[in-house]
Colleague: 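Sharing a structure below in structure tokens format, with a few things to ask.
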Amino acid sequence: MSAPDPWALAEHVLAVVARGDAAGLEPLLLSAETGADDLAASLPRAPEEQAWARERLAENLPALRDAPRAALAGLLADSARRGFDWAAARAAVAALEVEVEDEGLRSALVRADAAHGEARAQLHVSAVWTRRGWHVMQLAVAWA
Amino acid sequence: MTVTNPWALAEAVVDLLRRGATTNADVAGLLLPPDVGRADLEPVHAGTPEDLDALCEEVASARLRRGGEDLRAVAAEARARGFDWGVATWCVESIEVKRRGGLELADVWVAARDLERPLRLHLDDATRTARGWHLVFLSARWEASRLVHRLPAPPLEPDPFPPGAAPIPAPAGEVLAEPLVARAAAALRDAGDDLDAAGEAVEEVLQGLGALVDEAPARAQRVAWAIAGLLPGALVGLTGQLLRFAARVGRPPEAAAALRALGSLALRHGQAERARGYVAAARHLDPRPGDPPLSLRAQAYGALRAIEVAADSLHLEDALARQLEVPPTWFEAHFPPAGAGFVAAVYRALHAPALRDEVLRDVANALEGRGGVEAATAERALGPDDPSATGVQRSLLRAMSTPAPLVNIEVGGMHYPGWVEVDGTLRWLGKMRLGLDGDALYPLACAGHGAGFDPAGLEGEALVAAWAEHVAARAQAAGELPS
């Protein structure tokens with residue numbers, strides 16, 4: 001499963017975080033079947049650049065899949081330590097910015113604001129576009 | 001229709017603009033529904049009860065349902081500017097959520113570009129209710145965003161050179177026995193996979209080709225084309241150099257073939273815009289009926305590229321000069337019968353003769369000294385109130401019965417006004433100045449005062465002078481022109 005747009009993807013991630021459901025993140029990650037064509041197909045470039053994008057993806061795909069998993073585990077542990085209850089928090093997407101990188105990848109940085117009592121948190125979701133939809137590339141949390 | 005978030009709302013708005021769907025029925029599903037009320041606001045409201053009361057009053061206002069009018073205005077302006085949604089690429093650029101009176105509103109920016117210009121759409125105060133997100137205000141800005149240059153170039157539509165096609169024929173027959181071709185073939189064979197060595201060898205052959213051009217241009221063209229056919233794809237730079245050579249020294253059909261091949265090469269290397277320019281240039285030298293339409297920018301690049309290529313060849317300059325003339329049918333199609341003859345006579349007598357000796361060489365010099373074809377810009381003057389129209393162009397545009405844009409081209413700060421679009425290529429109409437008072441005669445001639453003139457064997461400047469006097473006298477008699 002991917003999301004049709006990065007806003008919807010961030011809302012899925014918020015739901016995953018609220019449930020504390022690490023397995024729920026899996027369908028939102030880049031799949032092992034994702035190829036360079038899926039990532040760069042929307043941006044026709046010179047053949048040399050396509051080849052470079054393919055190589056870069058082959059090298060980085062395992063890390064791109066593992067990084068959000070580790071980030072979610074850290075985020076849930078940190079939240080528990082601080083007593084921040086995402087399930088009870090009011091959380092909503094607040095801002096989104098799109099970037100198109102030189103090699104043709106289209107990514108979005110989405111910020112969701114959450115409040116629980118006096119505590120405040122910002123969830124940052126970095127998303128990447130492929131022909132199959134939007135996927136999570138990185139997660140981070142900032143505590144206020 | 002439920003729009004679940006501001007991104008999806010932006011996509012829906014762009015979809016309407018692309019489809020040209022702007023009727024009330026098309027847009028209604030995106031606006032705040034007429035019956036929206038407390039029940040739709042309360043579940044998504046995070047303010048005080050007083051805020052909610054004020055919001056209920058505010059959403060009842062017709063002011064917040066003008067998004068449809070905004071959309072029609074944006075669509076109309078895009079049409080007037082010639083923005084081509086058919087080939088445009090676009091991307092949501094940013095979304096920022098703000099809260100007002102406890103309600104979620106969003107500012108959404110969308111970056112778009114067609115072949116010629118960037119566009120930013122701004123969805124302001126997009127509003128969330130329990131029924132989804134709604135369009136409230138929409139505006140367009142004709143400016144580039146940080147994203148626009150990174151959006152993919154629009155595809156050639158239709159694509160005359162599918163990637164992988166091989167339009168450069170391998171040389172055969174007696175041309176293989178030409179000493180320069182044989183030398184290039186032997187050097188390439190010796191170099192094997194060593195591309196640097198192959199490149200150096202061919203560069204040496206090119207020097208010999210330069211000498212042959214002065215002695216036997218047609219032979220040089222065949223040799224250049226043949227060597228281009230021998231080169232491996234990795235030496236594309238040299239292939240392009242040879243094909244440009246071939247285009248410059250060939251006759252019109254051969255030059256056009258070389259330009260089309262250059263278009264193919266450019267396309268294979270992801271340079272769609274340059275490819276269009278070469279294809280458009282080929283049309284000037286070897287027109288093919290039924291060629292697909294091209295954007296204004298491609299037409300301008302094509303005309304300029306053709307001028308650049310023709311600059312060194314009398315054969316090509318003659319052919320191009322004929323192809324850049326405005327045909328009589330254009331005047332008949334765009335001016336009323338009473339004035340079409342007068343406007344055409346001014347063109348034939350005062351401007352067409354300058355085309356070859358003044359304009360083509362002047363533009364070719366500007367291209368050589370001021371940044372080349374890629375530095376050129378083209379703009380359409382759409383009507384008499386268009387700020388990009390010059391004084392005489394306003395007069396001509398006012399005189400037209402069927403409006404046709406007048407195109408102004410700039411090459412590195414040099415202005416070449418007065419081109420018109422005919423069958424997908426630009427033709428040079430010229431400035432069409434008749435003098436300060438004379439320019440006003442175009443609308444008067446077309447309003448009926450150009451009728452009834454007897455040329456009585458007059459030609460050229462004498463014909464124009466007599467006809468202008470006829471128009472002025474009739475207009476003065478009718479009280480439409482001070483005596």
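Letters A, B, ... mirror the listed sequences (proteins, then strands); counts begin at 1. Please read these numbers as outputs of a predicted model, since none were measured by experiment.
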Colleague: Within a 6.0 Å radius of atom CD on Gln138(A), are there more than 12 heavy atoms belonging to other residues, nucleotides or ligands?
Modeller: yes

Colleague: Can you tell which of Ala8(A), Pro4(A), Pro6(A) has the highest number of heavy-atom pairs within less than 4.5 Å of chain B?
Modeller: Pro6(A)

Colleague: To the nearest 0.5 Å, tell me how far Glu97(A) CD sits from Glu96(B) CD.
Modeller: 9.0 Å

Colleague: Hey, what do you get for OG (Ser94(B)) to CD (Glu99(A)), rounding to the nearest 0.5 Å?
Modeller: 11.5 Å

Colleague: Taking salt bridge (Lys or Arg N to Asp or Glu O under 4.0 Å) as the definition, give me every residue that meets it alongside Asp78(A), ordered by chain and number, with sequence neighbours left out.
Modeller: Arg81(A), Arg82(A)

Colleague: Under the side-chain hydrogen bond (donor to acceptor under 3.5 Å, both in side chains) rule, what pairs show up with a residue in residues 2-19 of chain B, not counting sequence neighbours?
Modeller: Asp5(A)-Asn5(B), Trp7(B)-Glu11(B), Asp15(B)-Arg19(B)

Colleague: As a quick check of understanding, evaluate side chain to side chain contact (heavy atoms under 4.5 Å, CB included) for Val97(B) and Trp7(A), giving each step before the final call.
Modeller: CA-CA 12 Å; Val97(B) 175; Trp7(A) 184 289; 3.3 Å; yes

Colleague: As an exercise: rank Leu109(A), Leu96(A), Val93(A) by heavy-atom pairs under 4.5 Å with chain B and give me the winner.
Modeller: Leu96(A)

Colleague: Between Val110(A) and chain B, with a heavy-atom cut-off of 4.5 Å, which part of the residue counts as in contact: side chain, backbone, both or neither?
Modeller: neither

Colleague: So which part of Ala108(A) gets closer than 4.5 Å to some heavy atom of chain B, the side chain, the backbone, both or neither?
Modeller: neither

